[in-house]
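Numbering of residues begins at 1 and proceeds along the displayed sequence.
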Amino acid sequence: MRRLYLTLSCLCLLVVFSEAQNTKRKKPTAYNKQNDENNQFLQKQFWLGLKGGVNLAGVTVTQQYNIISPTNYSSAQIAKQYDNYQQVGSQFALELTYYYKGFSFSFQPGFQTSLFTYTNSFIWLGDAEGEQVQIQYENENQVSHFILPLLIKYEFTGNRLRPYVQAGFFQAILADATKSLTMKGMDNASGGVNEFESAPTTVGAKDLFAKYYWGLIGGAGVYYNLG
């Protein structure tokens with residue numbers, strides 16, 4: 001009798017364990033539903049983030065103005081000499097992006113500061129041999145803007161490597177601008193050789209720059225999935 005009770009108990013435990021295992025197994029339809037939800041999530045997403053970096057600025061002169069007009073040589077000898085792409089500026093932005101089936105629509109408001117410098121050189125020659133005064137003016141310009149870009153990007157299909165292209169436009173609003181002037185030179189006309197250099201003088205220069213401007217954006221790149 002005890003053996004019979006033991007055998008029946010074992011069979012009951014086996015049935016209960018089998019039912020528990022069956023309840024844990026998902027039906028094929030459950031897997032299909034989960035895959036559909038994953039695909040919908042990957043095809044339609046919102047992204048929010050921060051980005052920042054550096055920039056290099058260059059100047060294109062459309063009209064040249066001279067305060068001093070030489071009488072015995074060309075004014076090109078005293079023209080401004082721009083040091084393009086030498087000064088490092090900064091920028092940061094908030095990125096708001098909506099992604100749908102490979103296309104991204106992005107609004108990236110940010111703040112950008114650009115730097116560029118130029119120099120002027122003048123030489124005064126005296127009557128005596130070697131009598132001269134050389135003066136060089138170094139001007140550093142710092143310009144800050146609020147940048148409001150709108151971008152459309154398309155990502156090509158791929159697993160680890162996904163190329164993309166993007167295009168858009170931006171509106172820039174002037175926030176601040178300053179000019180810093182440093183004068184240095186060499187005096188050979190006062191009975192010896194004397195080098196001199198002044199401390200930088202910084203003044204506001206917002207009136208010298210346009211308050212608004214706009215431009216176009218274009219680019220391409222690749223995404224690489226690390227894991």
Side-chain angles (χ1 to χ4, degrees), residues 38-65 80-119 138-182 200-226:
N38 291 337
N39 290 334
Q40 291 178 5
F41 172 76
L42 294 176
Q43 291 181 0
K44 183 170 61 176
Q45 301 178 54
F46 284 96
W47 293 89
L48 173 65
L50 297 172
K51 68 177 185 178
V54 299
N55 64 73
L56 301 174
V59 176
T60 301
V61 179
T62 57
Q63 181 65 46
Q64 186 77 40
Y65 297 94
K80 299 175 182 177
Q81 302 295 322
Y82 287 89
D83 299 324
N84 290 328
Y85 311 110
Q86 299 295 319
Q87 304 297 320
V88 179
S90 61
Q91 57 194 26
F92 62 90
L94 174 68
E95 181 173 348
L96 305 170
T97 300
Y98 174 68
Y99 174 87
Y100 182 71
K101 293 185 178 181
F103 288 93
S104 296
F105 306 89
S106 184
F107 177 54
Q108 303 177 12
F111 187 80
Q112 175 180 293
T113 298
S114 301
L115 298 173
F116 64 92
T117 60
Y118 65 86
T119 58
E138 295 183 354
N139 293 266
E140 181 181 270
N141 297 262
Q142 178 173 305
V143 188
S144 300
H145 291 89
F146 295 105
I147 307 295
L148 304 174
L150 287 173
L151 293 170
I152 299 177
K153 179 170 60 179
Y154 179 74
E155 299 176 22
F156 297 92
T157 57
N159 293 325
R160 282 188 174 270
L161 195 66
R162 302 197 314 273
Y164 69 85
V165 293
Q166 64 180 6
F169 70 94
F170 69 91
Q171 175 74 50
I173 304 173
L174 180 64
D176 192 18
T178 59
K179 290 175 66 72
S180 180
L181 174 64
T182 302
T201 301
T202 303
V203 296
K206 289 185 65 174
D207 294 339
L208 301 179
F209 296 90
K211 295 183 179 180
Y212 307 95
Y213 72 90
W214 67 276
L216 300 177
I217 303 175
V222 294
Y223 287 116
Y224 181 75
N225 188 7
L226 295 177

So, taking the atom named [atom1] in [X] and the one named [atom2] in [Y], what distance separates them when rounded to the nearest 0.5 Å?
X      : Y      : atom1 : atom2 : result
Leu56  : Leu115 : CG    : CG    : 10.0 Å
Glu138 : Gln81  : CD    : CD    : 12.5 Å
Leu181 : Thr201 : CG    : OG1   : 6.0 Å
Asn139 : Ser180 : CG    : OG    : 8.5 Å
Leu150 : Phe170 : CG    : CZ    : 12.0 Å
Thr97  : Gln108 : OG1   : CD    : 5.5 Å

If I compare all heavy atoms of [X] with all of [Y], which pair ends up nearest, and what's the gap?
X      : Y      : answer
Pro163 : Val222 : CA-CG1, 3.8 Å
Ile147 : Gln112 : CG1-CB, 3.9 Å
Ser144 : Phe111 : CB-CZ, 3.5 Å
Gln91  : Val54  : NE2-O, 4.0 Å

With a 3.5 Å distance limit and no angle check, can you tell me whether Asn141 reaches the backbone of Thr117 through a side-chain donor-acceptor pair?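 No: the side chain of Asn141 does not pair with the backbone of Thr117.
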Give a yes or no answer on whether the side chain of Arg160 reaches the backbone of Asn225 with a donor-acceptor pair at less than 3.5 Å.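 Such a contact is found between Arg160 side chain and Asn225 backbone.
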Have a look at Val143 and tell me which of Leu208, Leu174, Thr113 forms a side chain to side chain contact (heavy atoms under 4.5 Å, CB included) with it.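 Answer after filtering Leu208, Leu174, Thr113: Leu174.
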Let me see the working for Tyr154 and Phe156 under ring-ring contact (aromatic ring centres under 6.0 Å, His included), right down to the final yes or no. CA-CA 7 Å; Tyr154 179 74; Phe156 297 92; 5.1 Å; yes
Tell me, which pairs form a side chain to side chain donor-acceptor pair (under 3.5 Å) where one or both residues lie in residues 207-219, sequence neighbours left out?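 Not a single pair qualifies under side chain to side chain donor-acceptor pair (under 3.5 Å).
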Pairs satisfying salt bridge (Lys or Arg N to Asp or Glu O under 4.0 Å), at least one member in residues 164-182, at least two apart: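 For residues 164-182: none.
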Go through the structure and list residues passing side-chain contact (heavy atoms from CB on, under 4.5 Å) with Glu155, not counting sequence neighbours.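 With sequence neighbours excluded, Glu155 shows a side-chain contact (heavy atoms from CB on, under 4.5 Å) to Tyr99, Ser104, Lys153, Arg162, Tyr164, Tyr223, given in chain and number order.
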With Ala93 via side-chain contact (heavy atoms from CB on, under 4.5 Å) - residues at least two apart: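 Expected list: Lys51.
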Step-by-step side chain to side chain contact (heavy atoms under 4.5 Å, CB included) determination, Leu50 to Leu94: CA-CA 5 Å; Leu50 297 172; Leu94 174 68; 3.8 Å; yes
Leu96 vs Leu48, side chain to side chain contact (heavy atoms under 4.5 Å, CB included): CA-CA, chis, key distance, verdict: CA-CA 5 Å; Leu96 305 170; Leu48 173 65; 3.0 Å; yes
For Leu148 and Phe107: C-alpha separation, side-chain torsions, deciding distance, then whether side chain to side chain contact (heavy atoms under 4.5 Å, CB included) applies. CA-CA 7 Å; Leu148 304 174; Phe107 177 54; 4.3 Å; yes
Going by heavy atoms in the side chains, are Pro200 and Thr182 under 4.5 Å from each other?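 A side-chain contact under 4.5 Å exists here.
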Decide yes or no for Val203 and Thr178: does some side-chain heavy atom of the first lie under 4.5 Å from some side-chain heavy atom of the second?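 When only atoms from C-beta onward are counted, Thr178 and Val203 do not touch, as no gap falls below 4.5 Å.
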Given the rule in the side chain to side chain contact (heavy atoms under 4.5 Å, CB included) test, do Ser106 and Glu95 qualify, once you have shown the distances and angles that lead to the verdict? CA-CA 7 Å; Ser106 184; Glu95 181 173 348; 3.7 Å; yes
Mind checking whether Phe105 and Tyr98 have parallel, tilted or perpendicular rings, split at 30° and 60°?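 Aromatic pair Phe105/Tyr98 classed parallel.
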Can you name the residues that form a salt bridge (Lys or Arg N to Asp or Glu O under 4.0 Å) with Glu140, not counting sequence neighbours?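 Glu140 satisfies salt bridge (Lys or Arg N to Asp or Glu O under 4.0 Å) with no other residue.
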Got a sec, which residues hit ring-ring contact (aromatic ring centres under 6.0 Å, His included) with Phe169, two or more places apart in sequence or on another chain?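 Checked Phe169 against ring-ring contact (aromatic ring centres under 6.0 Å, His included); zero matches.
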Check this for me: Phe146, atom CZ, are more than 12 non-hydrogen atoms of other residues, nucleotides or ligands nearer than 6.0 Å?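 Check fails, neighbour count at 12 or below.
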